[in-house]
Amino acid sequence: MENFSKYLPTEEMRAEFEQYKALTTEEERAAFQEKRANRVADMPETEREKYISASMKGLDATIETAENLLAVHKLGAISEAISLSYIAKTYFGKSKEWLYQRLNGYKVNGKPAQFTPQEQKQFANALADIGTKLEKTSLNFR
């Protein structure tokens with residue numbers, strides 16, 4: 001089984017996920033979800049709160065990973081037109097490898113590298129700044 005502990009923080013959640021993956025019809029999935037919802041509803045309040053808290057932790061990790069993947073997708077062909085090395089050095093004071101690790105989710109110390117929310121904003125601002133510079137430069141050739 002792949003390591004989904006970041007997204008499914010408890011052993012119980014990982015086991016449920018494996019069970020869910022094995023289901024083949026919408027009816028099976030609906031029955032599974034109903035059974036799971038009933039089980040959670042029947043939990044003692046403290047246990048249910050822990051389960052919900054763990055679920056939220058997993059959802060937050062999933063959203064963060066998805067946002068980073070979207071950032072790579074949003075770059076598209078532009079990554080071939082601009083120097084990511086320049087962006088890394090000029091706007092972050094880092095190496096191009098550092099930037100590539102975050103854009104591509106490469107593993108660093110056993111964990112996928114990701115932008116922090118601040119770094120993601122900084123990257124967006126860097127692209128906007130470069131866009132402004134390109135626009136101003138293009139005016140020189142009109």
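- Sorted by first then second residue, the salt bridge (charged side-chain N to carboxylate O under 4.0 Å, His left out) pairs that include residues 124-139, not counting sequence neighbours, are D129-K133.
- Under a hydrophobic-cluster definition in which Ile, Leu, Val, Met, Phe, Trp and Tyr are linked whenever side-chain heavy atoms come within less than 4.5 Å, directly or via other members, V40 and F17 are assigned to the same cluster.
- For the atom pair W98 CH2 and S85 OG, the distance stands at 12.5 Å (nearest 0.5 Å).
- Applying the ring pair (Phe, Tyr, Trp, His ring centres under 6.0 Å) criterion to F32, with sequence neighbours excluded, gives Y20.
- Although no hydrogens or angles enter the test, the distance criterion places no donor-acceptor pair under 3.5 Å between the side chain of R102 and the main chain of A113.
- No continuous path of hydrophobic side-chain contacts links Y100 to V108 [ILVMFWY only; heavy atoms under 4.5 Å].
- Side-chain contact between S55 and M13 is present, with heavy atoms from C-beta onward closer than 4.5 Å.
- Salt bridge status for E47 with K50: absent, with no side-chain N to carboxylate O gap under 4.0 Å.
- Separation of atoms OG1 (T116) and CD (Q122) is listed at 8.0 Å; rounding is to 0.5 Å.
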- Please lay out, stage by stage, how Y91 and I130 fare under the test side chain to side chain contact (heavy atoms under 4.5 Å, CB included). CA-CA 11 Å; Y91 296 94; I130 291 168; 3.7 Å; yes
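- In plain terms, the two heavy atoms of A54 and P9 that are nearest each other are O-CG, 3.1 Å.
- To the nearest 0.5 Å, atoms CD1 (I87) and CG (L127) are separated by 5.0 Å.
- Not a single donor-acceptor pair under 3.5 Å links the side chain of R48 to the backbone N or O of D42.
- Cluster annotation: Y86 and I82 are assigned to the same hydrophobic cluster (Ile/Leu/Val/Met/Phe/Trp/Tyr, side-chain heavy-atom contacts under 4.5 Å, transitive).
- A donor-acceptor contact shorter than 3.5 Å is absent between the side chain of Q101 and the backbone of K107.
- For N109, the CG atom counts as loosely surrounded, since its 6.0 Å shell holds 12 or fewer non-hydrogen atoms of other residues, nucleotides or ligands.
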- Item | side-chain hydrogen bond (donor to acceptor under 3.5 Å, both in side chains) evaluation trace for E28 with T24 | CA-CA 7 Å; E28 289 175 329; T24 58; 3.1 Å; yes
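- The six-membered or imidazole ring of F123 lies near that of F115, with a centre-to-centre distance under 6.0 Å.
- D60 CG to K6 NZ: the interatomic distance, rounded to the nearest 0.5 Å, is 11.0 Å.
- For the pair Y51 and E12, the minimum side-chain heavy-atom distance is below 4.5 Å.
- Checking side-chain atoms of S53 against main-chain N and O of E49 turns up no donor-acceptor pair under 3.5 Å.
- Between R14 and L8, the closest side-chain pair of non-hydrogen atoms falls below 4.5 Å.
- Remark: L84 CG to E97 CD distance equals 11.5 Å, nearest 0.5 Å.
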